[in-house]
> 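Please see the structure below; I have some questions.
One-based numbering, in listed order, for ligands and for the atoms of each.
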Amino acid sequence: MEFSREKRLKARLAGDRRGDLYPHSLQFYLQPPTENISLAEFENFAIDRLKLLKVVENLGVSYVKGSDEYKSRLEREIRKLKFPFRALVEDDYDARRKDHISHFILRLAYCQSEDLRRWFIQQEMDLFRYRFNELNGDLVEKFLKYVNLSYGAISKEVKEKLAVQLLNSTPGLSGAKVEELEFYKLTARSLPAVQSDERLQPLLNHLSHSYVGPDYSIQKNIGKISLEHIDALSVKSFPLCMRQLHKALRDNHHLRHGGRMQYGLFLKGIGLTLEQALQFWKSEFIKGKVDADKFDKGYAYSIRHNYGKEGKRTDYTPFSCMKIILSNPPSPGDYHGCPFRHSDPELLKQKLQSYKIPPTGITQILELVKGMHYQLACQKYFQLTQDVDDIGFSLNHPNQYFAESQKLLSGGREVKKEPSEPESSQQKLSSQKSTNSCSIPISSNTEADTELEGLDAYFTED
Ligand code: SF4
């Protein structure tokens, strides 16, 4: 008798799913999932894991890792998002499955560049470390055996002998606990193994641009921005990247193509109509070396293209932070990019000083930049420039920054006093568009990326 793949899978899952597929709540993600899942589930899993990793990142810079506050907040988020919490519940197959699949989806999305990979591995390691430390001795032993890590616990005698050293080298450990805990010979070395896992390499090589982020393609405020207000808005509500571009445009009456794309799509996202955009760019360019005729012939087409009125008539989406941070780094003479990522720290410091950011705030921002937490540095900049205790959102997009600032300034939202909640509900996997089911792994060369590359060609004139 023949079974379809789906029927076979269901039969298999019904029979052994809890016992065989996920015998432990903690995983080493050795094998990628092979089952078919719906697009909706794919998307939800990815968004939830991204939320979780964002919380891990936020907590990691706000609290001492491993402290009670850190642990209780992380526990709350893990429970809320329905990921496996401790290995005590036997019947948490769904949570374990979600943990497994979502990890691999984000591997795909976050393997496209060194920066992304580093961010992903760091958050996954912190999450893993937290969950590993929550296991009791028996479960640690079971887990290590399951993943073929032959690290033996040190004996009671050795533990007593090394008690002081163990105490000093283990953050957050009190004296009494040394006796209760198991210590493993060289255990810490198992964590970097995740980083050098050669199985990642094929994925890293074959995936290009899976992008996870908010969707700002819909112009909610079209026509609500007046050109006369842009200077004031750039100071009050633009993120640093756009403020920098706006200033460079005003100063030089020109922006090179990378800047025009990044800033032009941002302005479109905040509500500039095509007519306004044409007027805005033209009025500035003709103050410089470009005359009106050259503008109409050389630049107007690209702006109309930007608005989907030329070429393939694609409505182009403003760039997310990730795209700005990771692609097309600025060269000398360029003003695009993310200043937290691409500026020399000393220049960034000077810029922040000139924007009247207090010295302690500048130090905090530079620390975050040093730790490569560029979006968190930008969140701190938001907090300081908008004068709020806590910004109440997790930043992913320059247009999100603008929208949140405008909401604040118009009194449209209460500022939360709780630490930032991750990701807005607008997040979507923009690479997953038209199918209603998919398998993992997937190809990530998206239509949108191809179209964007097409658009790039229209902006090549400096
Ligand atoms: Fe712009 Fe995002 Fe960088 Fe902030 S983090 S400056 S919004 S690219």
Side-chain angles (χ1 to χ4, degrees), residues 50 53-54 57-58 61 110 112-113 115-116 118-119 123 209 211-216 230 233-249 255 258-270 317-330 334-345 347-352 354-355 357 361-362 364-386 388 391-408 420 422-424 426-427 430 452:
L50 187 53
L53 295 187
K54 281 277 184 183
E57 183 189 28
N58 273 325
V61 295
Y110 278 74
Q112 54 189 313
S113 78
D115 278 0
L116 272 184
R118 209 179 293 134
W119 183 87
Q123 310 323 322
H209 252 77
Y211 159 63
V212 181
D215 177 14
Y216 281 93
I230 291 187
L233 285 173
S234 77
V235 176
K236 278 194 248 165
S237 290
F238 282 14
L240 199 54
C241 53
M242 301 304 169
R243 190 171 176 179
Q244 169 173 288
L245 281 164
H246 182 76
K247 186 170 183 319
L249 177 64
L255 281 179
R260 295 200 297 276
M261 281 186 75
Q262 182 176 320
Y263 190 37
L265 289 170
F266 169 80
L267 290 176
K268 178 186 158 194
I270 70 170
T317 307
F319 294 170
S320 69
C321 294
M322 274 303 187
K323 181 165 181 64
I324 294 170
I325 288 169
L326 294 167
S327 55
N328 190 21
D334 283 334
Y335 293 90
H336 67 270
C338 170
F340 298 107
R341 168 67 182 89
H342 297 118
S343 289
D344 176 85
L347 291 179
L348 178 63
K349 187 177 169 186
Q350 285 170 23
K351 182 166 289 181
L352 295 170
S354 72
Y355 291 162
I357 305 293
I362 294 178
Q364 288 171 319
I365 288 174
L366 293 176
E367 271 303 305
L368 289 166
V369 166
K370 205 166 146 199
M372 294 187 295
H373 303 292
Y374 309 117
Q375 285 155 277
L376 294 183
C378 191
Q379 288 184 193
K380 180 55 80 178
Y381 173 80
F382 183 102
Q383 188 190 337
L384 295 165
T385 51
Q386 313 287 315
V388 289
I391 71 167
F393 65 95
S394 179
L395 178 75
N396 286 292
H397 203 292
N399 288 80
Q400 178 194 17
Y401 184 112
F402 177 80
E404 293 290 343
S405 166
Q406 285 292 290
K407 261 194 258 172
L408 260 184
S420 344
E423 306 293 345
S424 75
Q426 293 183 58
Q427 281 178 329
S430 61
L452 213 49

> Contact between Tyr401 and ligand 1, counting heavy atoms under 4.0 Å?
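No heavy atom of Tyr401 comes that close to ligand 1.
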> Donor-acceptor pair, Gln123 side chain versus Lys54 backbone, under 3.5 Å?
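No.
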> Is there a donor-acceptor pair closer than 3.5 Å between any side-chain N or O of Asn399 and the backbone N or O of Phe266?
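It does hold such a pair.
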> If you count the atoms of ligand 1 from 1 in the order shown, which ones are under 4.0 Å from a heavy atom of Cys241?
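Ligand 1 atoms under the 4.0 Å threshold to Cys241: 1 (Fe), 6 (S), 7 (S), 8 (S).
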> Which is it for Ala377 and ligand 1 at heavy atoms under 4.0 Å: side chain, backbone, both or neither?
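Neither part.
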> Without hydrogens or angle criteria, can the side chains of Lys247 and Gln244 be said to hold a donor-acceptor pair below 3.5 Å?
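On atom types as modelled, these side chains do not qualify, holding no pair under 3.5 Å.
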> So, for Gly337 and Ile324, which heavy atoms are closest and what is the spacing to 0.1 Å?
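It is C-CG2, 3.3 Å.
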> Please work out whether any backbone atom (N, CA, C, O) or any side-chain heavy atom from C-beta onward of Pro239 is under 4.0 Å from ligand 1, and answer side chain, backbone, both or neither.
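The answer is the side chain of Pro239.
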> At what distance, to the nearest 0.5 angstrom, does CD of Gln379 lie from CG of Leu368?
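It is 9.0 Å, given to the nearest 0.5 Å.
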> Classify the ring geometry between Tyr355 and Tyr381 as parallel (under 30°), tilted (30 to 60°) or perpendicular (over 60°).
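Geometry flag for Tyr381 against Tyr355: tilted rings.
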> Got a sec: is Cys378 within less than 2.8 Å of atom 4 (Fe) of ligand 1 via an N/O/S atom?
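Under 2.8 Å: Cys378 contacts atom 4 (Fe) of ligand 1 through an N, O or S atom.
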> Where does Phe340 meet ligand 1, judged by heavy-atom distances below 4.0 Å: at the side chain, the backbone, both, or neither?
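The part of Phe340 near ligand 1 is the side chain, not the backbone.
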> So does Cys321 have any N/O/S atom less than 2.8 Å away from atom 2 (Fe) of ligand 1?
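Within the cut-off used here (under 2.8 Å), Cys321 does place an N, O or S atom near atom 2 (Fe) of ligand 1.
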> With a cut-off of 2.8 Å, does Cys338 place any N/O/S atom under that distance from atom 3 (Fe) of ligand 1?
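It does; at least one qualifying atom falls short of 2.8 Å.
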> With rounding to the nearest 0.5 Å, note down the distance linking OH in Tyr374 to CE in Met322.
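Nearest 0.5 Å value for the OH-CE distance: 10.5 Å.
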> Give the numbers and elements of all ligand 1 atoms closer than 4.0 Å to a heavy atom of Pro339.
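Within the 4.0 Å cut-off of Pro339, ligand 1 contributes 6 (S).
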